[in-house]
Participant: 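I am attaching a structure below and will ask some questions about it afterwards.
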Amino acid sequence: MEEIDPESLTEIAYGIFEIYFNRELHARGPYLFELVEQRINFESDVREIFGRFRDDYPVLAEALLLRFGGVEAIYAPIRAGEGVAPSKTTRMYWIVQDAPGPLARGLDDDQVGKWLIFIPAGKADEAWRKVRDGTVNGLLGISAKVSTAKPNPDSRDERSVIYVYTRDWADEADVMRVRERLRDLGFLERIGYKRNIETYRGEYSEEGKKVTYYSA
C-alpha cells in the first residue's frame, strides 16, 4: 500500500475538518460567516470541536497539528476569513453554502444543474456575500459555491466563479425563478446554466461547442 504524501494528507485532513467544523458549529446556532463578520471570538468553539474531531479522526487531527503546530494556528486564519471570504481562503478550492433544510432527501444528482457567474477576482467577496445570503435565506437554489484564492490547477479561467445550484434542470420555472432572484441581487449580465450531466462527462465550452442548457 502506497504511503500518502504528508502535504496531501494535510489537505485532505483540512478539507474534512472544515466540513466537520461547519456542521458542528451550525448545530449550535450560528453560521461561521456570522461569527467572522460580527468579529466574535469563537476560539473556545474551535478547540472543543477540534477535540471531538481528534477523537473521531485521530490520524487526520495529528496531521493538522503536525502541519500547523496547534489549534490556535488553525483558528487564527479562520477568524480572519479563511473559509468565509474567497479572497482570504487559501486552504480550500471552494467555499460551499447549502440552503437550509433537508435538501439531500430525494435529490437526483443527475437532475441538478447550476447557473455560472464569472466575476473579476477582486469583486468575488462582495458577489459571494450576496449569493451566500440569498441561499441561506432560501431565496435562491439548493446550494452555492465560489472559487477561492487557492490556485486551482483545473481552473480554465482567471476570474472567480460562483455556481448557484437548482434541484432539477428540467424544472424551467424554478431555474428561471432563481435567475430572476440573481438579477435582483445585481447580476444583470447574461449568464449560462449547465447541467451536472455535462460536467460529469467532462464537457466544457470550446469553439463551436455549446454546453450551456439555458442562457439568460
Side-chain angles (χ1 to χ4, degrees), residues 18-19 22-23 25-27 29-38 81 83-89 92-149 152 155-200 203-205 210-216:
E18 186 265 341
I19 295 170
N22 276 281
R23 183 191 68 197
L25 184 66
H26 186 50
Y31 287 103
L32 173 61
F33 68 80
E34 293 174 313
L35 296 176
V36 171
E37 292 174 358
Q38 293 171 23
V84 172
S87 67
K88 297 180 180 179
T89 299
M92 304 175 297
Y93 294 123
W94 300 94
I95 300 172
V96 179
Q97 180 62 62
D98 293 328
L103 296 172
R105 188 177 301 163
L107 191 65
D108 183 347
D109 206 37
D110 284 346
Q111 290 300 115
V112 172
K114 64 268 189 184
W115 288 105
L116 284 71
I117 307 172
F118 290 93
I119 45 181
K123 297 183 178 180
D125 289 358
E126 179 183 0
W128 173 240
R129 277 194 296 270
K130 293 178 181 180
V131 171
R132 180 200 68 197
D133 291 350
T135 301
V136 165
N137 292 323
L139 302 176
L140 295 173
I142 59 174
S143 185
K145 72 178 186 179
V146 61
S147 58
T148 69
N152 190 334
S155 177
R156 296 167 173 264
D157 200 303
E158 293 183 356
R159 297 170 295 175
S160 295
V161 60
I162 297 175
Y163 293 168
V164 181
Y165 291 88
T166 74
R167 180 182 294 272
D168 185 357
W169 54 261
D171 187 349
E172 186 173 353
D174 183 58
V175 171
M176 292 305 170
R177 175 194 65 79
V178 172
R179 179 65 186 102
E180 284 304 310
R181 296 293 75 77
L182 289 172
R183 285 194 181 93
D184 292 342
L185 293 175
F187 300 102
L188 304 179
E189 294 184 3
R190 180 172 290 274
I191 58 176
Y193 180 97
K194 187 177 180 181
R195 302 183 299 178
N196 272 4
I197 50 178
E198 272 81 38
T199 300
Y200 297 154
E203 296 181 8
Y204 300 93
S205 295
K210 179 183 177 183
V211 295
T212 53
Y213 195 76
Y214 299 106
S215 180

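Positions are given from 1 along the sequence.
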Participant: Should Val161 and Asp157 be marked as a side-chain contact (heavy atoms from CB on, under 4.5 Å) after you check the CA-CA gap, both sets of side-chain angles, and the distance that decides it?
Facilitator: CA-CA 9 Å; Val161 60; Asp157 200 303; over 6 Å; no
Participant: For Glu37, give me all partners under salt bridge (charged side-chain N to carboxylate O under 4.0 Å, His left out), at least two apart in sequence or on another chain.
Facilitator: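 By the salt bridge (charged side-chain N to carboxylate O under 4.0 Å, His left out) rule, Glu37 matches Arg132.
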Participant: Decide yes or no for Val178 and Tyr193: does some side-chain heavy atom of the first lie under 4.5 Å from some side-chain heavy atom of the second?
Facilitator: no
Participant: I'd like to know if Glu126 pairs up with Lys123 as an ion pair, taking the criterion as any Lys NZ or Arg NE/NH1/NH2 lying under 4.0 Å from an Asp or Glu carboxylate oxygen.
Facilitator: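 No.
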Participant: Taking Asp125 for the side chain and Ser87 for the main chain, is one N or O donor matched with an acceptor at less than 3.5 Å?
Facilitator: yes
Participant: Check this for me: Lys130, atom NZ, are more than 12 non-hydrogen atoms of other residues, nucleotides or ligands nearer than 6.0 Å?
Facilitator: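 More than 12 within 6.0 Å, yes.
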Participant: Quick one, Tyr165 with Trp115, criterion ring pair (Phe, Tyr, Trp, His ring centres under 6.0 Å). Give me CA distance, side-chain angles, the key distance, then yes/no.
Facilitator: CA-CA 6 Å; Tyr165 291 88; Trp115 288 105; over 10 Å; no
Participant: So, applying side-chain contact (heavy atoms from CB on, under 4.5 Å) with Lys145, which one of Val164, Ile162, Val96 is it?
Facilitator: Val96
Participant: Is Asp98 close to Ile142 at the side-chain level, that is, under 4.5 Å between some pair of heavy atoms?
Facilitator: no
Participant: Strictly distance-based, threshold 3.5 Å: is any side-chain N or O of Tyr214 a donor or acceptor partner for the main-chain N or O of Trp169?
Facilitator: yes
Participant: Identify all side-chain donor-acceptor contacts of residues 133-141 below 3.5 Å with residues at least two apart in sequence or on another chain.
Facilitator:
{"unit_1": "Thr135", "atom_1": "OG1", "unit_2": "Val131", "atom_2": "O", "d": "2.8"}
{"unit_1": "Asn137", "atom_1": "ND2", "unit_2": "Asp133", "atom_2": "O", "d": "2.9"}

Participant: Apply the side-chain contact (heavy atoms from CB on, under 4.5 Å) test between Thr89 and each candidate in Thr148, Val84, Val146; give the one that qualifies.
Facilitator: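 Of the listed options, the one satisfying the test is Thr148.
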Participant: Quick one, Met92 and Glu18 - any side-chain contact, counting heavy atoms below 4.5 Å?
Facilitator: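 The answer is yes, as the side chains (C-beta and beyond) meet within the 4.5 Å cut-off.
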Participant: How would you list all residue pairs meeting side-chain hydrogen bond (donor to acceptor under 3.5 Å, both in side chains) that involve residues 175-190, not counting sequence neighbours?
Facilitator: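 The answer is Asp174-Arg177, Glu180-Arg183, Arg181-Asp184, Arg190-Ser215.
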